[in-house]
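Letters A, B, ... mirror the listed sequences (proteins, then strands); counts begin at 1.
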Amino acid sequence: PGKAVVATGDVHFLDPHEEILRTILKHGIGWREAFEGPCYFRTTEEMLQEFRFLPPEVARQIVIENPNRIAERIEKVQPVPNKLFAPKLEGAEEQVREMTWRRAKEIYGDPLPELVQKRIEKELNAIIGNGYAVVYYISHLLVKKSHELGYLVGSRGSVGSSFVAWCMGITEVNALPPHYVCPDCHYVEWFADGSVGSGYDLPDKPCPRCGREQLMKEGQDIPFETFMGFKGDKVPDIDLNFSGEVQAKVQQYSIELLGGPSQVFKAGTVGTIAEKTAYGMVRTWAEETGRRLREAEVDRLARGLTGVKRTTGQHPGGMVVVPVGVEVEEVTPVQYPADDKESGWRTTHFDYHSFENALLKLDILGHDDPTMLRMLQDLTAEHPVPEHLRKGLRFLPDGRLDVTSIPMNDEKVLALFRPGEGARVLGLKEGQVEYDLGSIAIPEMGTGFVRRMLCETMPRTFSDLVRISGLSHGTDVWTNNAQELIRKGICTLQTVIPTRDDIMLRLMYWGIEPAMAFKIMESVRKGKGLTPEMEETMRAAGVPDWYIWSCKQIKYMFPKAHAAAYVLSALRIAWFKVYMPTLFYAAYFTVRAAGALDADLLVKGEAAVRAYMEQIKQKGKDASPKEKEALVEYEVVLEALLRGIRFLPVDLWRSDAVRYTIEGEKTLRCPFISLPGLGEAAARAIVQAREEAPFQSVEDLRNRARLNKTVMELLQAHGCLKGLPEGNQLSFAL
DNA sequence: CAGTTCAGCAAGCAGTC
DNA sequence: ATGACGACTGCTTGCTGAACTG
Ligand SMILES: Nc1nc2c(ncn2[C@H]2C[C@H](O)[C@@H](COP(=O)(O)OP(=O)(O)OP(=O)(O)O)O2)c(=O)[nH]1
Ligand SMILES: [Mg+2]
Ligand SMILES: [Zn+2]
């Protein structure tokens with residue numbers, strides 16, 4: 001028998017009145033003249049009407065009967081299964097157990113203190129029982145890989161709540177209660193009564209048992225359940241921060257380790273028309289078709305366009321693992337990002353959150369801190385840490401500072417985050433920098449918002465900074481929430497909700513069932529507020545009104561592990577800002593400020609920089625995003641200048657392609673890339689050509705580095721070509 | 001030699017942690 | 001100055017100048 005004919009409506013929108021949206025869309029992507037019938041979703045009656053030129057029984061057949069026959073033959077399908085496909089790898093469970101117990105005993109002794117023993121047992125049960133052994137083990141290998149490449153890995157995310165993760169080197173955050181521990185004789189001293197917020201805040205002291213000069217201090221006091229819940233009712237990922245210089249390599253390595261390109265994929269993303277594009281499209285359409293629309297009509301049409309799929313892309317770091325023996329298509333189709341076969345990556349067709357309960361993800365993210373710390377560490381080879389600062393620090397065999405030995409309780413470093421003292425620590429006079437604070441250019445601590453918070457809260461310790469880190473991230477965590485509670489005298493910095501763990505723990509303390517406390521924490525941290533049942537439970541338990549209100553305000557909230565990890569990394573960087581400023585600014589301008597600076601302005605010095613900043617400030621909110629970014633970076637430049645740092649112009653013979661290099665005391669040489677318009681490719685080409693042979697002439701430079709007219713003019717204007725003959729004398733000789 | 005394609009650069013935007 | 005979550009990756013677009021093509 002022949003194939004069934006089925007009538008379809010070529011549906012692109014639901015109702016006829018939405019046709020205008022499709023018209024605007026087609027206009028927006030330049031699909032101007034193509035003819036289309038009105039493609040709304042027709043009712044059965046309308047479909048029959050469309051086919052009235054056929055005999056009625058034929059029309060009924062193709063509109064009603066055939067479609068139903070096909071539909072009946074399709075069994076019930078669930079596109080994405082809701083069971084977890086946990087990855088498998090021979091020996092992974094044993095590796096996790098072995099590495100954890102070995103490392104724990106190495107530090108805490110054998111037999112282990114009961115607290116440690118119990119914690120590991122609980123965690124291993126959950127980790128292995130829920131199928132996480134493989135991703136723990138692989139994460140360990142990824143960290144190892146990065147270390148081999150010479151880059152530290154930044155800790156990130158909720159996995160820092162896992163002490164097993166600490167034992168395996170997946171996180172530097174130690175989730176145990178604050179404690180001293182002697183790695184030599186295994187003396188341990190716990191502070192489990194809440195008297196100390198963080199092990200890093202304990203005063204330094206020698207081992208009372210064996211006399212070791214300095215005890216280890218650890219413990220951020222974090223419950224494991226923030227990571228995995230109580231009954232495996234949460235499928236978390238493992239997050240790691242890698243330097244951008246190795247991120248792609250590590251992602252590739254994860255594919256290799258977990259079964260190859262048939263089992264590991266980058267998570268895909270779906271790019272849609274969002275607000276700005278929608279408004280742009282509506283306005284352009286109105287303009288080009290000579291319509292004048294009321295604002296309300298523009299709003300209405302723009303809202304109608306948002307959410308329409310435009311392209312596909314790559315997740316910033318998520319590598320999704322399909323167990324060997326399972327086909328990825330059981331969970332999601334696979335594709336290329338933006339359908340680009342040359343991309344080098346294959347991505348999941350569905351986005352991560354649509355299958356997060358089915359497949360595990362390793363989030364191999366990029367972060368500037370590891371890049372900064374690598375550069376700073378490297379710079380200590382040529383610019384060694386001065387003698388008077390070396391006490392308590394460790395050094396690598398080649399003499400570079402081991403940045404992981406930087407202390408977390410250095411008074412001067414902590415003073416950066418308090419107004420007045422911050423500026424003094426930097427050697428600045430009162431009023432020279434805003435709020436007399438030292439936190440600009442310290443990651444996540446230097447924005448205007450955080451600086452004002454610092455002024456109000458005056459942190460003294462690592463644990464204060466962890467609270468501030470939590471409070472300064474997420475909408476309505478500080479403003480319209482904790483800040484008000486503190487101002488009204490209802491709370492202090494020590495009693496507001498700083499991180500999501502605090503919610504679960506305090507609700508349990510108030511007598512709420514762990515499972516419910518966990519559910520409330522998850523709901524609140526995702527900005528979903530409280531269901532009536534949750535609120536009811538809280539009131540019944542006697543949770544104060546302000547606490548319930550505070551929970552409802554929160555739109556997003558860090559886990560404590562993440563806050564601790566970020567403060568740890570920030571303080572390492574801050575140590576350089578205090579003690580080795582030239583190195584610090586060299587690394588900062590290289591890594592963080594790359595695109596925003598202009599060597600022409602840098603070399604002109606303070607007055608010119610101030611004038612430029614003033615110019616941008618005048619523009620207020622009319623300043624472009626680029627200018628706003630520049631304002632941020634030039635504030636750091638200004639601080640550097642005030643601390644006596646000088647900038648030397650780009651020099652054809654001395655400049656690096658992309659790095660600010662140190663040329664003598666407090667002096668930075670601008671890199672080629674600091675000339676706007678001269679990009680990374682050109683910068684690297686110049687340096688490569690220079691290394692092959694000295695430039696004979698302007699022409700020689702242009703030919704060998706394959707520079708275009710624009711770049712040559714830039715170099716000329718900046719004075720880089722001074723003293724270089726125009727033509728190539730050798731070529732004249734020929 | 002005009003027209004087309006391509007690489008490099010920057011900006012705008014979106015998505016995600 | 002306001003009020004403010006911060007920081008990251010990647011896709012598209014527009015522009016420029018140079019290389020390629022017929
Ligand atoms: N500032 C800021 N940081 C975020 C945001 N979303 C995520 N992060 C940071 C903090 C998170 O702990 C970290 C990892 O993100 P994840 O999506 O993996 O969440 P997290 O690990 O906290 O919980 P999980 O157990 O994986 O569900 O990235 C955000 O909206 N703002
Ligand atoms: Mg996570
Ligand atoms: Zn000891």
(request) Measure the distance from NZ on A:Lys555 to P on C:dA4 and round it to the nearest whole Å. (result) 11 Å
(request) Enter the distance from A:Lys488:NZ to A:Gln483:CD here, rounded to the nearest 0.5 Å. (result) 11.0 Å
(request) Return no unless some side-chain N or O of A:Gln314 is found under 4.0 Å from OP1 or OP2 of C:dT9. (result) no
(message) Under 4.0 Å between a side-chain nitrogen and a carboxylate oxygen: does that hold for A:Arg283 and A:Glu288?
(response) no
(request) Return the value, rounded to whole Å, for the distance between atom CG of A:Leu675 and atom P of B:dC9. (result) 12 Å
(request) Pick out which of A:Leu240, A:Asn241, A:Asp237 makes a side chain to side chain contact (heavy atoms under 4.5 Å, CB included) with A:Asp363. (result) A:Asp237
(message) Tell me whether the side-chain N or O atoms of A:Arg310 pair up with the base of C:dC11 as donor and acceptor below 3.5 Å, since no angle test is needed here.
(response) no
(request) Please work out if A:Gly157 contacts a base, only the sugar-phosphate, or nothing of the nucleic acid, heavy-atom cut-off 4.0 Å. (result) nothing
(message) For A:Asp239 and A:Pro676, find the nucleotide of DNA chain B closest to each by heavy atoms; which residue's nucleotide sits nearer the 5' end?
(response) A:Pro676
(request) Please determine, for the side chain of A:His367, which listed nucleotide (B:dC17, C:dC8, C:dC5) has the closest atom? (result) C:dC8
(message) Is A:Thr272 close enough to B:dG15 that one of its side-chain N or O atoms is under 4.0 Å from OP1 or OP2 there?
(response) yes
(message) For the aromatic rings, using the six-membered ring if either is Trp, is the centroid distance between A:His140 and A:Tyr136 under 6.0 Å?
(response) no
(message) For a quick test of reading the model: is some side-chain N or O of A:Lys266 closer than 4.0 Å to OP1 or OP2 of C:dG10?
(response) yes
(request) Take atom OH of A:Tyr566 and atom P of C:dA7, then tell me their distance rounded to the nearest Å. (result) 9 Å
(request) Would you indicate what A:Asp368 reaches in the nucleic acid, counting non-hydrogen atoms under 4.0 angstrom: base, sugar-phosphate, or nothing? (result) sugar-phosphate
(message) In this structure, how many angstroms lie between the P atom of C:dC8 and the CD atom of A:Gln247, rounded?
(response) 11 Å
(request) Answer yes or no: does a side-chain N or O of A:Thr447 lie under 4.0 Å from OP1 or OP2 of C:dA4? (result) no
(message) So, OP1 or OP2 of B:dC17: does either fall under 4.0 Å of a side-chain N or O from A:His353?
(response) yes
(request) Describe the nucleic acid contact of A:Val270 in one word from base, sugar-phosphate, nothing, applying a heavy-atom distance below 4.0 Å. (result) sugar-phosphate
(request) Measure from CD1 on A:Ile273 to P on B:dG15 and round the result to the nearest Å. (result) 10 Å
(request) Give A:Asp340 one of three labels, base, sugar-phosphate or nothing, depending on what nucleic acid heavy atoms sit under 4.0 Å from its own. (result) nothing
(message) Over 60° means perpendicular and under 30° means parallel, so tell me whether A:Phe558 and A:Tyr556 are parallel, tilted or perpendicular.
(response) perpendicular
(request) Could you tell me whether A:Ala682 contacts a base, only the sugar-phosphate backbone, or nothing, with contacts defined as non-hydrogen atoms closer than 4.0 Å? (result) sugar-phosphate
(request) Let me know the distance between CE of A:Met557 and P of B:dC17, rounded to the nearest Å. (result) 19 Å
(request) Working to the nearest 0.5 Å, report the span between CG of A:Leu376 and CE of A:Met372. (result) 5.0 Å
(request) Give a yes/no on whether any side-chain N or O of A:Arg451 is located under 4.0 angstrom from OP1 or OP2 of C:dA4. (result) no
(request) Ignoring the backbone of A:Thr277, work out which of B:dG15, C:dG6, B:dA14 is nearest its side chain. (result) B:dA14
(message) Looking at A:Arg452, I'd like to know whether one of its side-chain N or O atoms comes within less than 4.0 Å of OP1 or OP2 on C:dT2.
(response) yes
(message) Rounded to whole Å, please give me the gap between NZ in A:Lys619 and P in C:dA1.
(response) 18 Å
(request) Name the closest nucleotide to the A:Lys276 side chain, picking from C:dG6, B:dC13, C:dT9. (result) B:dC13
(message) What is the separation between atom CG on A:Leu362 and atom P on B:dT16, rounded to the nearest whole Å?
(response) 18 Å
(message) Taking the ring of A:Phe355 and the ring of A:His349, is the distance between their centroids below 6.0 Å?
(response) no
(request) Mind checking side-chain contact (heavy atoms from CB on, under 4.5 Å) for A:Glu635 and listing every partner two or more places apart, or none if nothing turns up? (result) A:Glu434, A:Ile440, A:Arg451, A:Met613
(message) Using a heavy-atom cut-off of 4.0 Å across all strands, would you classify A:Lys309 as base, sugar-phosphate, or nothing?
(response) nothing
(request) Assess the pair A:Phe242 and A:Tyr151: is the distance between their ring centroids shorter than 6.0 Å? (result) no
(request) Could you check which of C:dC11, C:dC8, C:dG6 has an atom nearest any side-chain atom of A:Arg592? (result) C:dC8
Sort me out a list of protein N/O and nucleotides 15-20 of chain C N/O pairs below 3.5 Å, or just none if empty.
unit_1: C:dA18; atom_1: OP1; unit_2: A:Arg702; atom_2: NH2; d: 2.7
unit_1: C:dA18; atom_1: OP1; unit_2: A:Lys709; atom_2: N; d: 3.1

(message) Let's see if you can work this out: which of B:dG12, C:dT12, B:dC17 has an atom nearest to the side-chain heavy atoms of A:Pro625?
(response) B:dG12
(message) If you assign A:Leu365 and A:Gly620 each to the DNA chain C nucleotide with the nearest heavy atom, which residue ends up on the more 5' nucleotide?
(response) A:Gly620
(request) Remember a base hit wins even if backbone is also touched, and classify A:Arg684 as base, sugar-phosphate or nothing at under 4.0 Å, heavy atoms. (result) nothing
(request) Could you verify whether a donor N or O on one side chain and an acceptor N or O on the other, from A:His473 and A:Glu444, lie under 3.5 Å apart? (result) yes
(request) Examine B:dC17: is either OP1 or OP2 under 4.0 Å from a nitrogen or oxygen in the side chain of A:His315? Give yes or no. (result) yes
(message) Taking any heavy-atom pair under 4.0 Å as a contact, classify A:Gly474: base, sugar-phosphate, or nothing.
(response) base
(request) Take A:Asn480 and A:Met445, find for each the nucleotide of DNA chain C with the closest heavy atom, and name the residue whose nucleotide sits nearer the 5' end. (result) A:Asn480
